[in-house]
Q: 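Have a look at this one.
Computed from a predicted model, the values in this text were never measured in an experiment. For the numbers below, each heavy atom of this structure counts, side chains included, while hydrogens, waters and symmetry mates do not. Residue numbers start from 1 in every chain, and the chains themselves are labelled A, B, ... in the order their sequence lines are given, proteins ahead of strands.
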Protein chains: 2
Amino acid sequence: MDTTRTGGLRERKKEQTRAALSWAALRLTVERGFDNVKVEDIATEAGVSPRTYNNYFSSKAEAIVWRHLNRARQAADVIRARPADEPLWDAVTAAVLAHAGSEHDEPDPEWTAGVRLMMTEPALLGEMHKAYAAANDACAEAIAERIGADPHDMYPRLVAGAVGVATQLASELWLTADPPVPLAALLRDALDELGGGLAR
Amino acid sequence: MDTTRTGGLRERKKEQTRAALSWAALRLTVERGFDNVKVEDIATEAGVSPRTYNNYFSSKAEAIVWRHLNRARQAADVIRARPADEPLWDAVTAAVLAHAGSEHDEPDPEWTAGVRLMMTEPALLGEMHKAYAAANDACAEAIAERIGADPHDMYPRLVAGAVGVATQLASELWLTADPPVPLAALLRDALDELGGGLAR
DNA sequence: ACGAATTCTTGCGTGCCGCGCACGTTTACG
DNA sequence: CGTAAACGTGCGCGGCACGCAAGAATTCGT
């Protein structure tokens, strides 16, 4: 009876409208600019009441960033999927690189537009950083599992945080690179630098 | 005629009211909680019109975090003040440690309350992360100067970002440490780990 | 298979916030 | 000392987040 693996029919519908909402918010904001979009527009676009919109997201920014946050969270699963005998840093590096579109660019213009929007619009910067922080926590948990540490310890969270910084920085440089540069290369550079030690 | 080094009489008055505003916002929010404080209260507390408040800060969160941001910016100057022959990482480490209350704790309860508030109240998290990002940019600029690199290069910004993560993480662990631990120790641990390389 | 209970959606109303506009006052400068 | 620029302030508007309660849809027990 279940079309997907998650049983609840109701939950699937919820996630579906939530995704539609976030998608509509992103699309409209890219088209018109952040403050030329009213909540009513987003709700209408997704076929829902404006009031319902606020049952899913408590701010415009939250709706827009949600997709990006979801994607960032998956990085934790990719880390978990790495072979257990791999050294931690190699596993993390490989996971991040694999998660960010292996080696050749498939820019996915819709997604890059989203990233560029987040970094451009000041009203979204805060929410973006919150999303990165949440993703870092998820990664820290995965890393802690892997090395058998407490998720509240310093080391796993430090590693996760450093990876987050590298990702953010690589993304930003990638967006503003005048001769386009593959994202994977930037990521690898940043991660290698962190892995090798900043004191040199 | 000038009581301080910055000449403009007008500018000093501006910075003064801005500081008063930020201080009032912080104090009231610590006392009553974030959404039990109205802008009118903050403005009244600082002896200014509510309308004027919005000429200085465009949101409650911005006002509260402003002091913290200002303090974080100073870290860049501390880095610049380090002897030029010192290796980069040592200079950065020393600067951060010196900037965060050398070795023995002078908790400054007013300030710790502010930090705890920022990390507790979800409505402030976004603005806090934005502040850290701005501070990172300032530090990256100082670092770039020191090593004679372009501020837009990857390396200085990576170093600054890593330091920012270490600072954030150390602060958080410090606030939630059941047997109190000196902040400097946590900072040193995090920075050493980053300096020595995360691949081990 | 059918009715009850839980959950979701929606309309309405409220309080607050950010900001544009215009005017009076204060400050800087020649 | 007079002119011009910058600042503070009152007024008002559009929008947003959310509490509340009623209606609709879905799940579950039997």
Q: Between B:His99 and B:Arg71, does the side-chain contact (heavy atoms from CB on, under 4.5 Å) criterion hold? Intermediate values first, please.
A: CA-CA 9 Å; B:His99 184 252; B:Arg71 179 163 191 82; 3.8 Å; yes
Q: Without decimals, in angstroms, what is the distance between A:Leu21 CG and C:dT10 P?
A: 10 Å
Q: Measure the distance from CD on B:Gln16 to P on D:dC7 and round it to the nearest whole Å.
A: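 Nearest whole value for this atom pair: 15 Å.
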Q: On the six-membered ring of B:Tyr53, is B:Lys60 placed so that its NZ or CZ lies under 6.0 angstrom from the centre and within 45° of the ring axis?
A: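 Ring-cation test returns no.
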Q: Within the 4.5 Å heavy-atom criterion, are A:Met154 and B:Leu186 side-chain neighbours or not?
A: yes
Q: Is any side-chain N of the basic residue among B:Glu15 and B:Arg18 closer than 4.0 Å to the acidic one's carboxylate O?
A: yes
Q: Would you say B:Lys38 and B:Pro50 make side-chain contact, with heavy atoms under 4.5 Å?
A: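 Of all side-chain heavy-atom pairs linking B:Pro50 with B:Lys38, none is under 4.5 Å.
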Q: Taking 4.0 angstrom as the limit, do B:Asp41 and B:Arg32 come out as a salt bridge?
A: yes
Q: Does a side-chain N or O of B:Lys13 approach OP1 or OP2 of C:dT27 to a distance below 4.0 Å, or not?
A: no
Q: Hey, can you pull the residues of residues 37-67 of chain A with a non-hydrogen atom under 4.0 angstrom from DNA chain C?
A: A:Val48, A:Ser49, A:Arg51, A:Thr52, A:Asn55, A:Tyr56
Q: Rounded to the Å, how far apart are A:Phe34 CZ and C:dG18 C1'?
A: 13 Å
Q: B:Arg12 CZ to C:dA28 C1': how many Å, rounded?
A: 14 Å
